[in-house]
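A short write-up of the structure that comes next.
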There are 2 protein chains.
Amino acid sequence: MWTPRPPANCRDSVACEGCDIRGLALFADLTDADLSLEPAIEDVRLPAGATLYRAGDPGAVIYTVREGLLKLEQYLPDGTRRIVSLLRRGHVVGLEATVFDTYEHTAIALHDARLCRLPIGIINRLSEKLHPQLMKKWHESVLQAHECTRDLATGSARRRIARLFLTLAPPDAGSCRLFGREDVGAVLGVTMETASRAVTDLKKSGAVRETGPNLFERDLAVLERIAAEG
Amino acid sequence: MWTPRPPANCRDSVACEGCDIRGLALFADLTDADLSLEPAIEDVRLPAGATLYRAGDPGAVIYTVREGLLKLEQYLPDGTRRIVSLLRRGHVVGLEATVFDTYEHTAIALHDARLCRLPIGIINRLSEKLHPQLMKKWHESVLQAHECTRDLATGSARRRIARLFLTLAPPDAGSCRLFGREDVGAVLGVTMETASRAVTDLKKSGAVRETGPNLFERDLAVLERIAAEG
DNA sequence: CGGGAGCTTGAGGAGGATCAAATCATGTGG
DNA sequence: CCACATGATTTGATCCTCCTCAAGCTCCCG
């Protein structure tokens, strides 16, 4: 049940100026001059399965996903686990730390991930300049949450997982990495066994082809047909 | 399928200074002096069933719910309707208009509602002073969305509707108003028939007692037991 | 080679979808 | 005031999906 924290040694200082996702990031609007006034942003490497933070932890830092995939999970009173959001490249993790003193979810990497670590001190100091981007990132968080309800918690398991495959990677991406069946179940709101059977089913339908462990080639047309009805 | 727009005559100018939900509202931090510089805020009355705005409409105004209940709905490619959020007193509707040029959802009143109408011009003009409250409201929107996934789209229909009853009104509220079964189904991700049967089931279990049309008295202890595992 | 974790597969039963019909509530016109 | 039309809700019957429990399988690692 317990996943280790990322060891301290997977952090690194990096320069924002040349960041490959600067256009997507919170700091998109800042000038190099703005950035030069701030201490260097740390780069966090988070291996698949590692926990970034837990629900209830005091939140003093937010993150931007550079690479990889993270899940946000919460527990129901009866202990049921539910994944309420999947976060990809460009998404911000832990935004609630800017408003509230603890994190709302447990954030765990589903694929090996790289993140920018942004202490909220910096965010507050630059809040005026960051305002438009902050709002955009909040907006993204809401969109992401609604996507989970709308696409991944509606219809049959077959349809849900077809939609998951469609959102897991951009349409032009050659291949598409999935994750453990237990987690697939927790995103779709079904059991692990149903998730497994649904994946098998998509393979048989020719909607996806497994080219490696949890690595799939997708037939977008077939996936879309299934996602929409059947 | 079509619901009429609110007629223009259900608007009224009101003074924010004495607003009964000012503590909950976006303008909580503003002084009376700040407010006196702004044109009066309009009060919108929205009868149950009426549409506030539709997905794709150009968004030039956001709303605060003073009273009543609203749903945010979206459609899947196949036409399936899904309610992705329920908004109550104090919640903000249409926040995305501050970031994007159109609304993301269709917003419809489930109960008779009263809202403050806030043109985004005002929001932008006061954005600096509003910044902390805006962030709080975004945060609320995210919480609300995650609640929908976590509580209302997980487990059996019986458990889902028990949780719906628990969130529909504060614990100390004497009674609790429900809404049409079609909509109950769209919130829970089940059919209307299943929603109807689940309500009947809760009545038989003594978890709720119908005291009028769609008006219920709740037994919180029983509801919580059912919500957690039954 | 043995063990474990994650994944798949199977059989049976419960729960939800679907289609259809009955009931209830409301409003309208005679 | 009643008869009737309309729409929402409830109930019923049947089928299909998904859950549950259990057993096998595969891959990786010691």
Side-chain angles (χ1 to χ4, degrees), chain A residues 1-4 47-49 71 76 78-82 108 110-111 152-162 164 177-205 208-216 226-227 229-230, chain B residues 1-4 47-49 76 78-82 108 110-111 152-162 164 177-205 208 210-216 226-227 229-230:
Chain A
M1 214 59 171
W2 190 83
T3 336
K71 61 174 173 180
L76 290 165
D78 65 331
T80 315
R81 186 172 63 97
R82 190 69 156 94
I108 300 181
L110 286 172
H111 300 155
L152 305 180
T154 307
S156 67
R158 182 183 159 84
R159 284 159 69 162
R160 292 184 194 191
I161 204 161
L164 176 60
R177 184 168 294 284
L178 201 60
F179 40 85
R181 297 299 174 269
E182 198 80 52
D183 283 322
V184 174
V187 190
L188 304 184
V190 300
T191 59
M192 192 208 66
E193 294 92 331
T194 301
S196 170
R197 281 185 246 263
V199 173
T200 305
D201 187 63
L202 287 198
K203 286 196 272 189
K204 282 190 193 146
S205 311
V208 299
R209 202 164 58 85
E210 193 160 14
T211 59
N214 269 332
L215 200 63
F216 293 85
I226 293 174
E229 50 130 12
Chain B
M1 211 61 170
W2 191 84
T3 337
L76 290 163
D78 64 332
T80 314
R81 185 173 64 96
R82 191 70 157 92
I108 300 181
L110 285 173
H111 301 155
L152 304 180
T154 307
S156 67
R158 180 182 159 85
R159 285 160 68 162
R160 292 184 194 191
I161 203 160
L164 176 61
R177 184 169 294 285
L178 200 61
F179 39 85
R181 298 298 173 269
E182 197 81 54
D183 283 323
V184 174
V187 189
L188 304 183
V190 300
T191 59
M192 192 205 67
E193 293 93 330
T194 300
S196 170
R197 282 186 244 263
V199 172
T200 305
D201 187 64
L202 286 198
K203 287 195 273 189
K204 282 191 192 145
S205 311
V208 298
E210 193 159 14
T211 59
N214 269 334
L215 200 63
F216 294 85
I226 295 175
E229 51 132 11

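Proteins come first, then strands; the chains are lettered A, B, ... in the order of their sequence lines, and each starts at number 1.
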To the nearest 0.5 Å, atom CZ of Arg181(A) lies from atom CE of Met192(A) at 9.5 Å

Is it the case that the base of dT17(D) and the side chain of Arg160(A) share a donor-acceptor contact (distance under 3.5 Å, atom types as modelled)? no

Considering only heavy side-chain atoms of Thr191(A), the closest of dA22(D), dC19(D), dC7(C) is dC19(D)

Between CG of Asp183(B) and C1' of dA8(D) the distance, given in whole Å, is 12 Å

Check whether any side-chain N or O of Arg181(B) sits under 4.0 Å from OP1 or OP2 of dT10(D), and answer yes or no. yes

Rounded to the nearest 0.5 Å, the CG atom of Leu178(B) sits from the NE2 atom of His111(B) at a distance of 6.5 Å

Separation of dA25(C) atom C1' from Asn214(B) atom CG, nearest Å, is 12 Å

Separation of dC18(D) atom C1' from Leu188(A) atom CG, nearest Å, is 13 Å

*Does Ser156(B) have a side-chain nitrogen or oxygen under 4.0 Å from the phosphate oxygens OP1 or OP2 of dA14(C)?*
no

From CZ of Arg197(B) across to P of dA8(D) the rounded distance in Å is 18 Å

Ranking dG12(D), dT9(D), dC21(D) by distance to the side chain of Ser196(B), first place goes to dT9(D)

Rounded to the nearest 0.5 angstrom, the CG-CZ distance for Leu188(A) and Arg159(A) is 13.5 Å

Rounded to whole Å, CZ of Arg159(A) lies from C1' of dT17(D) at a distance of 13 Å

Separation of dT9(D) atom P from Phe216(B) atom CZ, nearest Å, is 10 Å

Side-chain contact check for Ala157(A): nearest option of dC18(D), dT9(C), dC19(C) is dC18(D)

Between Arg82(B) and Ala186(B), is there a donor-acceptor pair closer than 3.5 Å when you use the side chain of the first and the backbone of the second? yes

Separation of dA17(C) atom C1' from Met192(B) atom CE, nearest Å, is 12 Å

Per nearest nucleotide of DNA chain D, the residue lying toward the 5' end, Gly155(A) or Pro213(A), is Gly155(A)

note: Glu182(A), atom CD; dT8(C), atom C1'; distance rounded to Å ~ 14 Å

With the side chain defined as heavy atoms from C-beta on, Glu193(A) is closest, among dA17(C), dT20(D), dT18(C), to dT20(D)

When rounded to the nearest 0.5 Å, the distance separating CG of Asp78(B) from OG1 of Thr80(B) is 3.0 Å

